[in-house]
2 protein chains.
Amino acid sequence: MAAELRANGHKLTPQRLAVVRVLREATEHLTPLQVLERARGIRSGVGLTTVYRTLDLLSELGFVRRVHLGGGCQAYAPVRQRAGHHLVCQGCHHVVDFPCAGLTELIEQTARQTGFTVASHLLEFEGLCPACQ
Amino acid sequence: MAAELRANGHKLTPQRLAVVRVLREATEHLTPLQVLERARGIRSGVGLTTVYRTLDLLSELGFVRRVHLGGGCQAYAPVRQRAGHHLVCQGCHHVVDFPCAGLTELIEQTARQTGFTVASHLLEFEGLCPACQ
DNA sequence: GTGCTAATTGAAAAAGTTTTTCAGTTGCCA
DNA sequence: TGGCAACTGAAAAACTTTTTCAATTAGCAC
Ligand SMILES: [Zn+2]
Ligand SMILES: [Zn+2]
Ligand SMILES: [Zn+2]
Ligand SMILES: [Zn+2]
(Lines give C-alpha, C1' and ligand atoms only; values in the text may rest on other atoms or scores of the structure.)
(Ligands and ions follow the chains in the order given, each with its own letter.)
Protein backbone atom coordinates (compact mmCIF):
# COMPACT_ATOMS: atom_id res chain seq x y z
CA MET A 1 0.00 0.00 0.00
CA ALA A 2 2.82 2.37 0.88
CA ALA A 3 4.08 2.58 -2.69
CA GLU A 4 0.61 3.33 -3.99
CA LEU A 5 0.03 5.93 -1.32
CA ARG A 6 3.06 7.81 -2.52
CA ALA A 7 1.98 7.35 -6.13
CA ASN A 8 -1.31 9.00 -5.22
CA GLY A 9 0.50 12.01 -3.83
CA HIS A 10 0.27 11.30 -0.13
CA LYS A 11 3.04 11.67 2.39
CA LEU A 12 4.47 8.60 4.00
CA THR A 13 4.45 9.58 7.64
CA PRO A 14 5.39 7.02 10.29
CA GLN A 15 1.90 7.25 11.79
CA ARG A 16 0.27 6.55 8.48
CA LEU A 17 2.63 3.72 7.75
CA ALA A 18 1.86 2.15 11.12
CA VAL A 19 -1.86 2.16 10.36
CA VAL A 20 -1.23 0.80 6.89
CA ARG A 21 0.84 -2.01 8.31
CA VAL A 22 -1.76 -2.88 10.92
CA LEU A 23 -4.35 -3.30 8.22
CA ARG A 24 -2.12 -5.15 5.83
CA GLU A 25 -1.42 -7.71 8.54
CA ALA A 26 -4.92 -7.95 9.94
CA THR A 27 -6.79 -11.21 9.55
CA GLU A 28 -9.87 -9.98 11.39
CA HIS A 29 -11.85 -6.82 10.97
CA LEU A 30 -10.75 -4.00 13.25
CA THR A 31 -12.52 -1.02 14.76
CA PRO A 32 -10.76 2.35 14.81
CA LEU A 33 -9.93 1.77 18.48
CA GLN A 34 -8.43 -1.63 17.74
CA VAL A 35 -6.41 -0.14 14.92
CA LEU A 36 -5.18 2.53 17.33
CA GLU A 37 -3.97 -0.05 19.85
CA ARG A 38 -2.10 -2.03 17.27
CA ALA A 39 -0.67 1.00 15.54
CA ARG A 40 0.70 2.20 18.87
CA GLY A 41 2.47 -1.12 19.18
CA ILE A 42 4.34 -0.20 16.01
CA ARG A 43 4.74 3.53 16.63
CA SER A 44 3.83 4.88 20.03
CA GLY A 45 1.97 8.15 20.13
CA VAL A 46 -0.30 7.66 17.15
CA GLY A 47 -3.51 9.61 17.71
CA LEU A 48 -7.04 8.40 17.27
CA THR A 49 -7.77 11.32 14.94
CA THR A 50 -5.04 10.12 12.63
CA VAL A 51 -6.46 6.62 12.69
CA TYR A 52 -9.85 7.92 11.61
CA ARG A 53 -8.31 10.04 8.91
CA THR A 54 -6.12 7.25 7.63
CA LEU A 55 -8.96 4.76 7.54
CA ASP A 56 -10.95 7.23 5.45
CA LEU A 57 -8.02 7.67 3.13
CA LEU A 58 -7.42 3.94 2.75
CA SER A 59 -11.11 3.43 2.07
CA GLU A 60 -11.10 6.02 -0.67
CA LEU A 61 -8.07 4.44 -2.23
CA GLY A 62 -9.69 1.03 -2.02
CA PHE A 63 -7.14 -0.55 0.30
CA VAL A 64 -9.63 -1.32 3.03
CA ARG A 65 -13.33 -1.97 3.12
CA ARG A 66 -15.75 -1.25 5.88
CA VAL A 67 -17.35 -4.43 7.21
CA HIS A 68 -20.97 -4.29 8.37
CA LEU A 69 -21.69 -7.85 9.46
CA GLY A 70 -20.28 -9.40 12.62
CA GLY A 71 -20.72 -6.59 15.10
CA GLY A 72 -21.46 -3.00 14.27
CA CYS A 73 -20.65 -1.19 11.07
CA GLN A 74 -17.44 0.48 12.16
CA ALA A 75 -14.94 -2.24 11.41
CA TYR A 76 -12.40 -2.29 8.63
CA ALA A 77 -10.67 -5.13 6.84
CA PRO A 78 -7.94 -5.16 4.22
CA VAL A 79 -8.95 -5.56 0.60
CA ARG A 80 -7.09 -8.56 -0.76
CA GLN A 81 -9.21 -8.85 -3.87
CA ARG A 82 -10.20 -5.67 -5.65
CA ALA A 83 -13.28 -7.06 -7.37
CA GLY A 84 -14.45 -8.92 -4.33
CA HIS A 85 -16.35 -8.80 -1.08
CA HIS A 86 -15.83 -9.86 2.49
CA LEU A 87 -16.78 -13.05 4.29
CA VAL A 88 -16.71 -12.70 8.08
CA CYS A 89 -16.48 -15.40 10.74
CA GLN A 90 -19.15 -14.99 13.41
CA GLY A 91 -16.86 -16.58 15.96
CA CYS A 92 -13.48 -14.89 15.64
CA HIS A 93 -14.14 -12.14 13.10
CA HIS A 94 -11.63 -13.61 10.72
CA VAL A 95 -12.22 -11.98 7.33
CA VAL A 96 -11.46 -13.34 3.89
CA ASP A 97 -12.22 -11.98 0.45
CA PHE A 98 -14.23 -13.77 -2.15
CA PRO A 99 -14.62 -12.79 -5.79
CA CYS A 100 -17.69 -10.87 -6.88
CA ALA A 101 -19.35 -13.11 -9.42
CA GLY A 102 -22.77 -14.05 -10.66
CA LEU A 103 -24.60 -10.89 -9.65
CA THR A 104 -25.08 -9.47 -13.13
CA GLU A 105 -28.26 -11.32 -13.86
CA LEU A 106 -29.85 -10.41 -10.53
CA ILE A 107 -28.86 -6.78 -11.01
CA GLU A 108 -30.31 -6.63 -14.51
CA GLN A 109 -33.47 -8.34 -13.45
CA THR A 110 -33.87 -5.98 -10.51
CA ALA A 111 -33.30 -2.95 -12.73
CA ARG A 112 -35.86 -4.21 -15.22
CA GLN A 113 -38.47 -4.90 -12.57
CA THR A 114 -38.06 -1.71 -10.56
CA GLY A 115 -37.13 0.84 -13.19
CA PHE A 116 -34.11 1.83 -11.10
CA THR A 117 -30.62 1.94 -12.49
CA VAL A 118 -28.22 0.01 -10.31
CA ALA A 119 -24.86 1.70 -9.86
CA SER A 120 -23.22 -0.24 -7.05
CA HIS A 121 -23.82 -2.98 -4.56
CA LEU A 122 -22.89 -4.11 -1.10
CA LEU A 123 -22.42 -7.82 -0.48
CA GLU A 124 -21.13 -9.60 2.59
CA PHE A 125 -21.27 -13.17 3.78
CA GLU A 126 -21.20 -14.26 7.40
CA GLY A 127 -20.46 -17.73 8.72
CA LEU A 128 -17.87 -19.80 10.52
CA CYS A 129 -14.25 -20.18 9.60
CA PRO A 130 -12.68 -23.65 9.60
CA ALA A 131 -11.17 -23.12 13.06
CA CYS A 132 -14.47 -22.01 14.61
CA GLN A 133 -16.69 -24.69 13.11
CA MET B 1 -47.43 -5.31 11.64
CA ALA B 2 -49.65 -4.49 14.60
CA ALA B 3 -51.43 -7.81 14.51
CA GLU B 4 -48.16 -9.68 14.43
CA LEU B 5 -46.74 -7.63 17.24
CA ARG B 6 -49.61 -8.71 19.45
CA ALA B 7 -49.23 -12.29 18.27
CA ASN B 8 -45.62 -12.16 19.42
CA GLY B 9 -46.67 -11.07 22.87
CA HIS B 10 -45.97 -7.37 22.66
CA LYS B 11 -48.17 -4.60 23.89
CA LEU B 12 -49.78 -2.29 21.43
CA THR B 13 -49.01 1.08 22.90
CA PRO B 14 -49.84 4.25 20.98
CA GLN B 15 -46.15 5.17 20.82
CA ARG B 16 -45.23 1.85 19.34
CA LEU B 17 -48.10 1.97 16.90
CA ALA B 18 -47.02 5.41 15.75
CA VAL B 19 -43.52 4.15 14.98
CA VAL B 20 -44.93 1.10 13.24
CA ARG B 21 -47.14 3.27 11.12
CA VAL B 22 -44.29 5.60 10.20
CA LEU B 23 -42.29 2.69 8.90
CA ARG B 24 -45.17 1.01 7.14
CA GLU B 25 -45.77 4.19 5.21
CA ALA B 26 -42.16 5.10 4.55
CA THR B 27 -40.92 5.02 1.00
CA GLU B 28 -37.40 6.17 1.92
CA HIS B 29 -35.07 4.93 4.57
CA LEU B 30 -35.33 6.81 7.85
CA THR B 31 -32.89 7.51 10.65
CA PRO B 32 -34.08 7.21 14.25
CA LEU B 33 -34.35 11.00 14.38
CA GLN B 34 -36.46 11.10 11.24
CA VAL B 35 -38.67 8.37 12.63
CA LEU B 36 -39.06 10.42 15.80
CA GLU B 37 -40.20 13.50 13.87
CA ARG B 38 -42.77 11.60 11.90
CA ALA B 39 -43.97 9.57 14.85
CA ARG B 40 -44.57 12.79 16.75
CA GLY B 41 -46.75 13.93 13.90
CA ILE B 42 -48.97 10.96 14.63
CA ARG B 43 -48.68 10.96 18.40
CA SER B 44 -47.03 13.89 20.10
CA GLY B 45 -44.70 13.16 22.97
CA VAL B 46 -43.08 10.02 21.62
CA GLY B 47 -39.56 9.77 23.03
CA LEU B 48 -36.37 9.05 21.16
CA THR B 49 -35.62 6.17 23.51
CA THR B 50 -38.84 4.51 22.49
CA VAL B 51 -37.99 5.00 18.84
CA TYR B 52 -34.66 3.23 19.33
CA ARG B 53 -36.30 0.44 21.28
CA THR B 54 -39.06 0.00 18.76
CA LEU B 55 -36.68 -0.05 15.81
CA ASP B 56 -34.73 -2.80 17.56
CA LEU B 57 -37.91 -4.72 18.15
CA LEU B 58 -39.13 -4.35 14.59
CA SER B 59 -35.71 -5.44 13.32
CA GLU B 60 -35.78 -8.57 15.43
CA LEU B 61 -39.25 -9.37 14.20
CA GLY B 62 -38.16 -8.80 10.62
CA PHE B 63 -40.50 -5.90 9.91
CA VAL B 64 -37.74 -3.47 9.12
CA ARG B 65 -34.24 -3.79 7.82
CA ARG B 66 -31.29 -1.56 8.52
CA VAL B 67 -29.98 0.06 5.35
CA HIS B 68 -26.24 0.63 5.02
CA LEU B 69 -25.89 2.23 1.59
CA GLY B 70 -26.96 5.75 0.80
CA GLY B 71 -25.71 7.62 3.84
CA GLY B 72 -24.54 6.06 7.06
CA CYS B 73 -25.65 2.77 8.49
CA GLN B 74 -28.31 4.03 10.85
CA ALA B 75 -31.28 4.11 8.53
CA TYR B 76 -34.25 1.78 8.52
CA ALA B 77 -36.66 0.77 5.80
CA PRO B 78 -39.77 -1.39 5.87
CA VAL B 79 -39.46 -4.98 4.74
CA ARG B 80 -41.97 -5.51 1.97
CA GLN B 81 -40.51 -8.78 0.83
CA ARG B 82 -39.33 -11.22 3.45
CA ALA B 83 -36.87 -13.10 1.27
CA GLY B 84 -35.50 -9.97 -0.27
CA HIS B 85 -33.09 -7.09 0.03
CA HIS B 86 -33.12 -3.36 -0.39
CA LEU B 87 -32.37 -1.18 -3.36
CA VAL B 88 -31.73 2.46 -2.45
CA CYS B 89 -31.91 5.55 -4.63
CA GLN B 90 -28.81 7.70 -4.30
CA GLY B 91 -30.83 10.80 -5.07
CA CYS B 92 -33.91 10.66 -2.87
CA HIS B 93 -33.30 7.61 -0.69
CA HIS B 94 -36.37 5.92 -2.05
CA VAL B 95 -36.13 2.25 -1.06
CA VAL B 96 -37.67 -0.74 -2.77
CA ASP B 97 -37.32 -4.45 -2.11
CA PHE B 98 -36.07 -6.94 -4.61
CA PRO B 99 -36.20 -10.72 -4.29
CA CYS B 100 -33.12 -12.59 -3.16
CA ALA B 101 -32.28 -14.91 -6.00
CA GLY B 102 -29.31 -16.43 -7.69
CA LEU B 103 -26.88 -16.32 -4.80
CA THR B 104 -26.78 -20.03 -4.02
CA GLU B 105 -24.07 -20.87 -6.46
CA LEU B 106 -21.81 -18.02 -5.34
CA ILE B 107 -22.34 -18.98 -1.70
CA GLU B 108 -21.53 -22.62 -2.32
CA GLN B 109 -18.51 -21.76 -4.38
CA THR B 110 -17.25 -19.39 -1.71
CA ALA B 111 -17.77 -21.98 1.01
CA ARG B 112 -15.90 -24.56 -1.01
CA GLN B 113 -13.00 -22.28 -1.76
CA THR B 114 -12.59 -20.80 1.73
CA GLY B 115 -13.58 -23.67 4.00
CA PHE B 116 -16.01 -21.34 5.77
CA THR B 117 -19.64 -22.22 6.25
CA VAL B 118 -21.89 -19.39 5.12
CA ALA B 119 -24.82 -18.76 7.42
CA SER B 120 -26.20 -15.44 6.26
CA HIS B 121 -25.57 -12.59 3.91
CA LEU B 122 -26.03 -8.89 3.45
CA LEU B 123 -26.94 -7.58 0.03
CA GLU B 124 -27.91 -4.08 -1.03
CA PHE B 125 -28.11 -2.30 -4.34
CA GLU B 126 -27.72 1.41 -4.86
CA GLY B 127 -28.73 3.42 -7.90
CA LEU B 128 -31.26 5.92 -9.20
CA CYS B 129 -35.01 5.62 -9.07
CA PRO B 130 -37.07 6.46 -12.16
CA ALA B 131 -37.84 9.95 -10.86
CA CYS B 132 -34.21 10.78 -10.13
CA GLN B 133 -32.72 9.49 -13.35
C1' DG C 1 22.74 19.72 2.67
C1' DT C 2 19.25 23.80 3.42
C1' DG C 3 15.15 26.02 3.41
C1' DC C 4 10.39 26.29 1.98
C1' DT C 5 5.64 24.98 1.99
C1' DA C 6 1.66 22.40 1.91
C1' DA C 7 0.26 18.34 4.12
C1' DT C 8 -0.09 16.14 8.35
C1' DT C 9 -0.42 15.47 13.22
C1' DG C 10 -2.51 15.08 18.01
C1' DA C 11 -4.67 17.20 22.09
C1' DA C 12 -8.68 19.21 23.29
C1' DA C 13 -13.16 20.60 22.54
C1' DA C 14 -17.38 20.11 20.32
C1' DA C 15 -20.86 17.62 18.26
C1' DG C 16 -23.48 13.78 17.64
C1' DT C 17 -25.29 9.16 18.64
C1' DT C 18 -26.81 5.37 21.50
C1' DT C 19 -27.55 3.17 25.93
C1' DT C 20 -28.69 3.06 30.71
C1' DT C 21 -31.38 4.37 34.70
C1' DC C 22 -35.36 4.75 37.14
C1' DA C 23 -39.66 6.38 38.76
C1' DG C 24 -44.05 6.66 36.93
C1' DT C 25 -47.61 4.88 33.61
C1' DT C 26 -50.47 1.69 31.17
C1' DG C 27 -52.03 -2.30 28.17
C1' DC C 28 -53.81 -6.64 28.92
C1' DC C 29 -55.40 -10.69 31.21
C1' DA C 30 -57.88 -12.94 34.86
C1' DT D 1 -61.80 -4.10 38.15
C1' DG D 2 -57.71 -5.02 39.92
C1' DG D 3 -52.83 -6.50 39.50
C1' DC D 4 -48.61 -6.65 37.34
C1' DA D 5 -45.26 -7.14 33.95
C1' DA D 6 -44.28 -4.49 30.05
C1' DC D 7 -43.53 -0.12 28.60
C1' DT D 8 -42.42 4.88 28.59
C1' DG D 9 -39.69 9.29 28.57
C1' DA D 10 -36.50 12.56 30.83
C1' DA D 11 -32.10 12.83 32.25
C1' DA D 12 -27.67 11.21 32.66
C1' DA D 13 -24.01 8.48 31.16
C1' DA D 14 -21.37 6.36 27.82
C1' DC D 15 -19.57 6.23 23.37
C1' DT D 16 -18.20 7.58 18.87
C1' DT D 17 -16.85 10.81 15.44
C1' DT D 18 -15.65 15.41 13.78
C1' DT D 19 -13.71 19.90 14.16
C1' DT D 20 -10.18 23.18 15.56
C1' DC D 21 -5.81 24.87 15.63
C1' DA D 22 -1.07 25.47 16.74
C1' DA D 23 2.98 22.82 16.05
C1' DT D 24 5.49 19.58 13.27
C1' DT D 25 7.36 17.40 9.19
C1' DA D 26 7.82 14.90 4.50
C1' DG D 27 9.12 15.90 0.13
C1' DC D 28 10.77 18.92 -3.13
C1' DA D 29 13.60 22.66 -5.30
C1' DC D 30 17.82 24.74 -5.18
ZN1 LIG E 1 -23.40 -0.73 8.00
ZN1 LIG F 1 -13.54 -17.99 13.21
ZN1 LIG G 1 -34.70 8.88 -6.32
ZN1 LIG H 1 -30.46 -12.76 0.07
(message) Side chains of A:Thr31 and A:Gln74 only: does a donor on one sit below 3.5 Å from an acceptor on the other?
(response)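 The criterion, which ignores hydrogens and geometry beyond distance, is not satisfied for A:Gln74 and A:Thr31.
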(message) Assess, by modelled atom type and distance only, whether the side chains of B:His85 and B:Asp97 contain a donor and an acceptor separated by less than 3.5 Å.
(response)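 No - no donor-acceptor pair under 3.5 Å links their side chains.
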(message) A quick test of your reading: do over 12 heavy atoms of other residues, nucleotides or ligands sit less than 6.0 Å from CZ of B:Arg80?
(response)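 Yes.
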(message) Counting only heavy atoms from other residues, nucleotides and ligands, does the tally under 6.0 Å from CD of A:Glu25 exceed 12?
(response)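 Buried by this count: over 12 neighbours within 6.0 Å.
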(request) Could you state whether A:Val67 and A:Leu87 fall into the same hydrophobic cluster, counting links through intermediate Ile, Leu, Val, Met, Phe, Trp or Tyr residues with side-chain heavy atoms under 4.5 angstrom apart? (result)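 No, because A:Val67 and A:Leu87 fall into different hydrophobic clusters, even though each may have its own neighbours under 4.5 Å.
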Round to the nearest Å and state the distance from [X] atom [atom1] to [N] atom [atom2].
X: A:Leu36; N: D:dC15; atom1: CG; atom2: P; result: 16 Å
X: B:Gln34; N: C:dT17; atom1: CD; atom2: P; result: 11 Å
X: B:Leu33; N: D:dG9; atom1: CG; atom2: P; result: 15 Å
X: A:Arg16; N: C:dG10; atom1: CZ; atom2: C1'; result: 14 Å

(message) Heavy atoms within less than 4.0 Å of DNA chain D: which residues of residues 41-60 of chain B have one? Give them sorted by number.
(response)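 Under 4.0 Å from DNA chain D: B:Gly45, B:Val46, B:Gly47, B:Thr49, B:Thr50, B:Arg53.
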(message) Among A:Leu57, A:Asp56, A:Leu55, A:Thr49, exactly one meets side-chain contact (heavy atoms from CB on, under 4.5 Å) together with A:Arg53. Which residue is that?
(response)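 By the side-chain contact (heavy atoms from CB on, under 4.5 Å) criterion, A:Arg53 pairs with just one of A:Leu57, A:Asp56, A:Leu55, A:Thr49: A:Thr49.
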(message) Parallel, tilted or perpendicular: which one describes the rings of B:Phe125 and B:Phe98, with boundaries at 30° and 60°?
(response)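 Plane angle under 30°, so parallel.
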(message) Strictly below 4.0 Å: does A:Gln74 bring a side-chain N or O up to OP1 or OP2 of D:dT17?
(response)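 Checking A:Gln74 against D:dT17: at least one side-chain N or O falls below 4.0 Å of OP1 or OP2.
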Show the distances under 3.5 angstrom between N or O atoms of the protein and N or O atoms of nucleotides 26-30 of chain D.
from, atom 1, to, atom 2, distance (Å)
D:dA26, N3, A:Lys11, NZ, 3.1
D:dG27, OP1, A:Arg6, NH2, 3.4
D:dG27, OP1, A:Leu12, N, 3.0

(request) Using side-chain contact (heavy atoms from CB on, under 4.5 Å) as the criterion, list what pairs up with B:Thr27, not counting sequence neighbours. (result)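 Listed in chain order: B:His94.
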